[in-house]
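One structure below.
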Amino acid sequence: MSDCIFCKIVDKQIPSASVYEDADMLCFKDINPSAPVHLLLIPKVHFDSLAHAQAEHETLLGKMMLKVPQIAQEAGLTNGFKTLINTGKDGGQEVFHLHIHIMGTPA
Ligand code: 5GP
Ligand code: ZN
């Protein structure tokens with residue numbers, strides 16, 4: 001989606017501090033962190049939110065969830081971390097491209 005800031009990050013039109021990337025997903029540092037480590041894990045394909053996920057995204061979402069602990073570990077969050085998915089305006093979502101917040105303090 002051409003006017004989506006996270007699609008532009010996927011396309012490298014906007015720079016980001018990337019910590020992980022594969023064919024399906026990208027993880028980068030939140031520009032306004034609310035924890036010492038604050039990462040955003042996004043699918044490369046655009047869909048607006050968890051409420052917009054379709055059956056075709058089932059495998060992708062599974063891959064992303066299984067990648068979260070590995071990314072957290074590599075970011076130094078060896079004793080645990082928080083995950084957050086804001087969904088919709090009333091769910092506090094500000095960027096309408098699905099993303100998983102990964103937050104914590106390195107051990
Ligand atoms: P939401 O409220 O939608 O769950 O979270 C959106 C997050 O995206 C916020 O934590 C915000 O700081 C982050 N963010 C917004 N624009 C950018 C950007 O251009 N680059 C990066 N790295 N993070 C962004
Ligand atoms: Zn997008």
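Just so we're clear, the structure is a prediction, and the values are computed from it rather than from any experiment.
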Run the side chain to side chain contact (heavy atoms under 4.5 Å, CB included) test against T78 and tell me which residues pass, sequence neighbours left out.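 In terms of side chain to side chain contact (heavy atoms under 4.5 Å, CB included), with neighbours along the sequence ignored, T78 is linked to Q73, A107.
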
Is any side-chain heavy atom of [Y] closer than 4.5 Å to one of [X]?
| X | Y | result |
| --- | --- | --- |
| I102 | V37 | no |
| H101 | N86 | yes |
| L61 | L98 | yes |
| L77 | P106 | yes |

Are [Y] and [X] connected in a single hydrophobic cluster, I mean Ile/Leu/Val/Met/Phe/Trp/Tyr linked by side-chain heavy atoms less than 4.5 Å apart?
| X | Y | value |
| --- | --- | --- |
| I14 | V10 | yes |
| F47 | M64 | yes |
| I71 | M25 | yes |
| V95 | I31 | no |
| I100 | F96 | no |

Kindly compute the distance separating [atom1] ([X]) from [atom2] ([Y]), expressed to the nearest 0.5 Å.
| X | Y | atom1 | atom2 | value |
| --- | --- | --- | --- | --- |
| I42 | C4 | CD1 | SG | 7.5 Å |
| K63 | L41 | NZ | CG | 12.5 Å |
| L50 | T87 | CG | OG1 | 4.5 Å |
| M103 | L40 | CE | CG | 9.0 Å |

If the condition is ring-ring contact (aromatic ring centres under 6.0 Å, His included), which residues does [X] pass it with, not counting sequence neighbours?
| X | result |
| --- | --- |
| H97 | H46 |
| F81 | none |
| H52 | none |

Any donor and acceptor pair, going by atom type alone, linking the side chain of Q93 with main-chain N or O of D48 inside 3.5 Å?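 Judged by distance alone, yes, a pair lies under 3.5 Å.
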
Would you name the heavy atoms of S16 and I9 that are closest together and state the gap between them?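 In terms of heavy atoms, the two residues are closest at OG-CG2, 3.5 Å.
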
Measure across P33 and H38 and return the closest heavy-atom pair with its distance rounded to 0.1 Å.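 So the minimum-distance heavy-atom pair works out to CA-ND1, 3.5 Å.
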
I'd like to check the side chain to side chain donor-acceptor pair (under 3.5 Å) partners of K44; sequence neighbours left out, ordered by chain and number.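 With neighbours one apart ignored, the set is E21.
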
What pairs with D22 under side chain to side chain donor-acceptor pair (under 3.5 Å), at least two apart in sequence or on another chain?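 Residues passing side chain to side chain donor-acceptor pair (under 3.5 Å) with D22: Y20.
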
Apply the test side-chain contact (heavy atoms from CB on, under 4.5 Å) to residues L39 and K29: give CA-CA distance (whole Å), side-chain angles for both, the deciding distance (0.1 Å), then the verdict. CA-CA 4 Å; L39 305 172; K29 295 180 182 177; 3.8 Å; yes

